[in-house]
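So the structure is just underneath, and the comments pick up after that.
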2 protein chains.
Amino acid sequence: MEFAKNQQNSWYENKEQVLVAVDCIIFGFDNETLKLLVFKREIQPLKGSWSLIGSFIRQNENANQAGLRILKDITGLENIFMEELKTYSAVDRDPGARCISIGQYALIRIDENNKELVNKHGAFWFSLDELPELVLDHNQMVKDALDRLREKARFSPIGFELLPKYFTLPQIQTLYEQIFQKRLDSRNFRKKLLSLNFLKKTEIKDKSSSKKGAYLYEFDYEKETDQSFIFKG
Amino acid sequence: MEFAKNQQNSWYENKEQVLVAVDCIIFGFDNETLKLLVFKREIQPLKGSWSLIGSFIRQNENANQAGLRILKDITGLENIFMEELKTYSAVDRDPGARCISIGQYALIRIDENNKELVNKHGAFWFSLDELPELVLDHNQMVKDALDRLREKARFSPIGFELLPKYFTLPQIQTLYEQIFQKRLDSRNFRKKLLSLNFLKKTEIKDKSSSKKGAYLYEFDYEKETDQSFIFKG
DNA sequence: ATAATAAATGTAATAATTACATTTATTATT
DNA sequence: AATAATAAATGTAATTATTACATTTATTAT
């Protein structure tokens, strides 16, 4: 900020206090539907209500660090893809205190999360279309995060963070169909995706969902570029 | 947030306090270059340093309202286009206090701002390429806001907020050339822009910059759609 | 009447997107 | 051993969007 410190008219003294929290919108993909990790409050008030996972920001960490701390606490995972969504600052959004929240959305490989930790925290994976009512403005946060995910997916190869290291083309097509909530033509989808040159094909087939089996691919981070990734349809 | 209030183990009590500010990155366009409104601190410390315009968020307002309040204070304008950029929360970003800032960028019609108010606040319009060093992380905020503006301009018809109600096609082309920092082909630019069908042509010519004169257009808010507005360059 | 200036315009070549149906590899069944 | 079943893999033609590129037009000043 811009004004004097350690002065009589200090802008830093006696400011009306606002609490700052971080809430995480955690997406996962189980090869069928997009899912969200939410948890059930085990203490009063609002015991039994579903909520996003959050925390107040601490003195010694920035918002990003706070988000990653929460993600590690609840899933055991580090190096998770996480980006700031937006802030939520309505005056009365939290009836208990004047508290603004920085929403962060994260994409994780659902099969890699530590199930014991998740259970210990009373957290559950919900399909997005079966998501229960959440506390405060958390449903709005989820809606905003989904919009952001769609917007990003149109223009950049996001979503690989939701897939295992090796994945098949039908798998990633299903993911995109889930994100956009529409069927995609497999010939056009594959043509587009492969033309972007950031997938490396392996000679290994995954036969878990067909007799023929589908080749496994991996994301080639070397080759990821700015080239736009525009799905208009 | 998710935890108990008015309880012994309340999450709302004794939280380490964080101040929350809003800083505004205010863009304008003078028909030649993109400009930014910054102001010169008139009090110690850092007297004479250039700074974005900001304020602490108040108890009775959300971040958006705080931003609009600042914009009104400094320019006299209401109903300004303003969007949240991102938060800045590095632990030591402000040596005077633990203070996070919510960056908001705004687009204003430079000719409409109240010059007396602007002067009274010690504010000046700088061309982006002549921008001085700003306090704290404000230069980073400007950089991020410019990136965002570019990104948005590629995909949506942003930028009309920077132009007067009636503007010419050469004028808007110059604006886009400033945003993208590259020359655009006028035939292709006009073809694309007009094909999107959200400009209404008037029969009035603006002769301020040529003998022939250029027709004035206005933005047709009715017709603005989602259609993408992609300038690949 | 002429020169000067910036605005307005068109077309052909290339690239990207869309729409659409058949063949292939494999396993399970008979 | 042959057949049925299943999902994966593939190609092409039509349409649409983008790019590259130069001349004409309207007006004012000389």
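Per chain, numbering begins at 1; letters A, B, ... match sequence-line order. Keep in mind the model is a prediction, meaning the values are calculated, not measured.
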> Just wondering, are more than 12 heavy atoms of other shown residues or ligands nearer than 6.0 Å to NZ in K205(B)?
Replying inline: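 Yes, enclosed.
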Would you call [X] and [Y] a side-chain contact if the rule is heavy atoms closer than 4.5 Å?
| X | Y | answer |
| --- | --- | --- |
| K35(B) | F126(B) | no |
| I179(A) | F29(A) | no |
| I26(A) | W125(A) | yes |
| L131(A) | W50(A) | no |
| F189(B) | I172(B) | yes |
| L34(A) | L149(A) | yes |

> With sequence neighbours left out, what residues match F81(A) under side chain to side chain contact (heavy atoms under 4.5 Å, CB included)?
Replying inline: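 F81(A): side chain to side chain contact (heavy atoms under 4.5 Å, CB included) contacts with E83(A), Y105(A), L107(A), I158(A), E161(A).
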> Who pairs with R187(B) by side chain to side chain contact (heavy atoms under 4.5 Å, CB included), at least two apart in sequence or on another chain?
Replying inline: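 Listed in chain order: D185(B).
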Would you mind reading off the distance between [X] atom [atom1] and [N] atom [atom2], rounded to a whole angstrom?
| X | N | atom1 | atom2 | answer |
| --- | --- | --- | --- | --- |
| K201(A) | dA8(D) | NZ | C1' | 11 Å |
| Y217(B) | dA7(C) | OH | P | 12 Å |
| L194(B) | dG10(C) | CG | P | 12 Å |
| L196(A) | dA16(C) | CG | P | 10 Å |
| R190(A) | dT23(C) | CZ | P | 18 Å |
| K192(B) | dT9(C) | NZ | P | 19 Å |
| L193(B) | dT9(C) | CG | P | 13 Å |
| I172(A) | dA8(D) | CD1 | C1' | 16 Å |

> Checking side-chain hydrogen bond (donor to acceptor under 3.5 Å, both in side chains) against Y88(B), which of D144(B), D137(B), D23(B) comes through?
Replying inline: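 By the side-chain hydrogen bond (donor to acceptor under 3.5 Å, both in side chains) criterion, Y88(B) pairs with just one of D144(B), D137(B), D23(B): D144(B).
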Can you name the atoms? Protein N/O to nucleotides 21-23 of chain D N/O, anything below 3.5 Å, with the distance.
unit_1: dC21(D); atom_1: N3; unit_2: R187(B); atom_2: NH1; d: 3.4
unit_1: dC21(D); atom_1: N4; unit_2: D185(B); atom_2: OD1; d: 3.3
unit_1: dC21(D); atom_1: N4; unit_2: R187(B); atom_2: NE; d: 3.1

> Contacts to DNA chain D from residues 162-171 of chain A, heavy-atom cutoff under 4.0 Å, which residues?
Replying inline: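 Nucleic-acid contacts, sorted: P170(A).
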>> Taking P170(A)'s backbone N and O only, do any of them form a donor-acceptor pair with R190(A)'s side chain (distance below 3.5 Å, no angle check)?
In response: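 No.
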List, with names and distances, any nitrogen or oxygen atoms from the protein found under 3.5 Å away from nitrogen or oxygen atoms belonging to nucleotides 25-28 of chain C.
unit_1: dT26(C); atom_1: O3'; unit_2: K211(A); atom_2: O; d: 3.4

>> Could you report the tightest heavy-atom contact between H138(B) and L52(B), atom names first, then the distance?
In response: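 Looking at all heavy atoms of both residues, the closest pair is ND1-N, 3.0 Å.
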> Just how far is it from atom CG of D111(A) to atom NZ of K165(A), taken to the nearest 0.5 Å?
Replying inline: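 Answer for the CG-NZ pair, D111(A) versus K165(A), is 13.0 Å.
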> Counting a pair only when it is Watson-Crick or G-U and both distances are under 3.5 Å, which runs of at least 3 such pairs involve DNA chain D?
Replying inline: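 Only these stems qualify: C:1-30 with D:1-30.
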